[in-house]
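Heads up: the structure comes next, in structure tokens.
The figures that follow rest on heavy atoms only: side chains count, while hydrogens, waters and symmetry mates do not. Both ligands and their constituent atoms are indexed starting at 1 by order of listing. None of these values were measured; they are calculated from a predicted model.
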Amino acid sequence: MADAPNPLLQPWATPYELPPFATLQPEHFAPALHEAMRQHRSELDAIAAQSAPATFENTLARLDASGRLLARLESAFHNLCASETSAALQQVQREMAVPLAAHSSAVYMHAGLFARVDALHERRARLDLTPEQLRLLEQTHRDFVRAGARLTPAAQLRYAELMERLATLTTQFGQNVLADENAFRLSLASEADLVGLPDFVRASAQQAATDRGLSGCVITLSRSLLVPFLTFSERRDLREQAWRAWTRRGEHAGASDNRAIVREILQLRGEQAALHGFASYADYALDNTMARDQAAVQRLLDNVWQRALPALERERAQLQALMREAGGSDDIEPWDWRYWAEKVRQRTYALDDAEIKPYFPLERMVTAAFDCAERLFGVRFAERADLPVYHPDVKAYEMRDRDGRVAGIFLHDNFARPSKRSGAWMSSLRQQTRNGGEVIPIVLNNNNFAKAAPGEPTLLSFDDVRTLFHEFGHGLHGLLSSVGYERLSGTNVLRDFVELPSQLFEHWMSEPAVLRRHARHVGSGEPIPDALIERLNVARRFGQGFETVRYTASALTDMAVHALPRDRVPDDVVAFEAAVLRERGLPPGVGVNHRFTHFQHLFAGSGYAAGYYVYLWAEVLDADAYDAFVEAGDPFDAGVAGRLQRHIYAAGDSVEPGATYAAFRGRAAQIEPMLKKRGLLQPG
Ligand SMILES: [Zn+2]
């Protein structure tokens, strides 16, 4: 069949030009990607080779519209690798990592292309551009500069080497963490080992054993298994064992030791920043954010840290009281905290999963998310069972706008399976643009909910519902995008702005009016009682001291280590991290969200390096933004929702984020609503 045409390189004759999932095979990707890269290069060469002087249309607009085939192939490829992978796809992934990275470098170091972009940028004030066109020019120019376009040829060579070495190191870092997580197995052999674990934890532990060809139950270092184990297991000795293994991932001699890798990554990042003329990697990374500089990030972290410490001690007192009541006299250790916090939660708020989950069947919660989007933004979702998808569990929907036009396609992939990576995320197969003709977005949401037995409804926890709404908020950011150019479309915003639409959308899932309408008992159809809504919402505020201290501690170590100049990177990164936490006064018995040797946000890629703070930054925005609805007295106030759609969900990166936020809110964001939401405004 050597002559059979590659379906990826034929026109995609599917509805909405979805990828031809039914016919494509892993071996189609490498040749198609190579061909798409070749086409992209020749598109770029043609832009650069024009004899006419650079104009916005002949350079910027064409550049923005170039590489569409490559973008679509890469999107299809990366989505399959994440959600429906196989050994064959993983092989292609390893094979293609370097060529794809090299292609990206070559684009931004294309001297002829950059000369034209740079010439336009020089004259930008005199080009008579629309605000969005000016933003496109500025952001595109910045992309080139930040990827090394301005460096001397010798420095560019070194820069490309750095990028290649960093790609290798960050890949290795992630694989080492995964190896440690898979290597550890805490076998729970008897009922005595399982004591305290609710059915859903036992079921996951059993599934983990089955996945590994074992019988009985095992706890691995997968977060979704480990955290419930630490929360419910009555066996303090086993909790300690699991906790120690979890926090030592990447930190021990042997093949998966990440300590030297972290050090080398930090050195290379220091060199990368220095090539750009920055004193530290933090300065380089923050130059392209809303925060802009270290001082702004530090102010936020310091403010929250000093309020979180007393909140934590208030929680500790509650935990300790209960612990003493139960006859314990020890200090609370990090492997005890979640366990006793759960006991306090159960006693104070009388919350029990068995009582809660029947009110949250998955299907109803999906309807709830769609309904909120409809009431806010006038969009309607309708299932299209005939659209091609990559797995039978994936549901496809058309999203119609107020005028009844199909404005986006949404694929919802909710269930865990062995071929899918863990976690929850939004991605897309195609981004909205009007450059070169109207293109509607194709957006995906992936979750990892445990699927119920055949014929049974899948029931979610309150946390699961929040995850569903969070990812759908990202999804709406992609689906409602209404901009002229792809580079500025949807979620292509600054990284400390990207969590605003997602975290903001979570607010609607805890609105009593939404819960009363949609959270109905799977058996009786009765709406969730008001008293239970109240308990759920109050209980969510308990534990914020613990969560905030652990998160902020990790954000502080991230900033501290990336603020070092390249010649001050410590030999012993573990000791450096401990010293920062000591200096900051991390209280005993709490721990941190991530330690350097397994901090994937920082070292399994560069997306969140000197950027772990972004969730908190965006939370300042989302809490302040939701207050606009509270002030209006209606969670679906049409005026506020209209501004929210125009300035936040539809605007992409077409307007500078601070300005677009102020256009929505009528002023800059204030920090108090976030502090209040986390319960950090009470006197210590
Ligand atoms: Zn998110």
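The existence of a salt bridge linking Arg292 and Asp496 is excluded, since no basic side-chain nitrogen approaches an acidic carboxylate oxygen closer than 4.0 Å. The existence of a salt bridge linking Glu342 and Arg345 is confirmed by a sub-4.0 Å separation between a basic side-chain nitrogen and an acidic carboxylate oxygen.
The Zn ion (ligand 1) lies at 2.8 Å or more from every N, O or S atom belonging to Glu471.
Looking only at its N/O/S atoms, Glu499 has OE1 as the one nearest to the Zn ion (ligand 1).
Residues meeting the ring pair (Phe, Tyr, Trp, His ring centres under 6.0 Å) test with Phe370, sequence neighbours left out: Phe381, Tyr397, Phe472. Applying the ring pair (Phe, Tyr, Trp, His ring centres under 6.0 Å) test to His507 and every residue at least two apart in sequence or in another chain returns Tyr626.
Vertex the Zn ion (ligand 1); arms to His470 NE2 and His474 NE2; angle rounded to 10 degrees, 100°.
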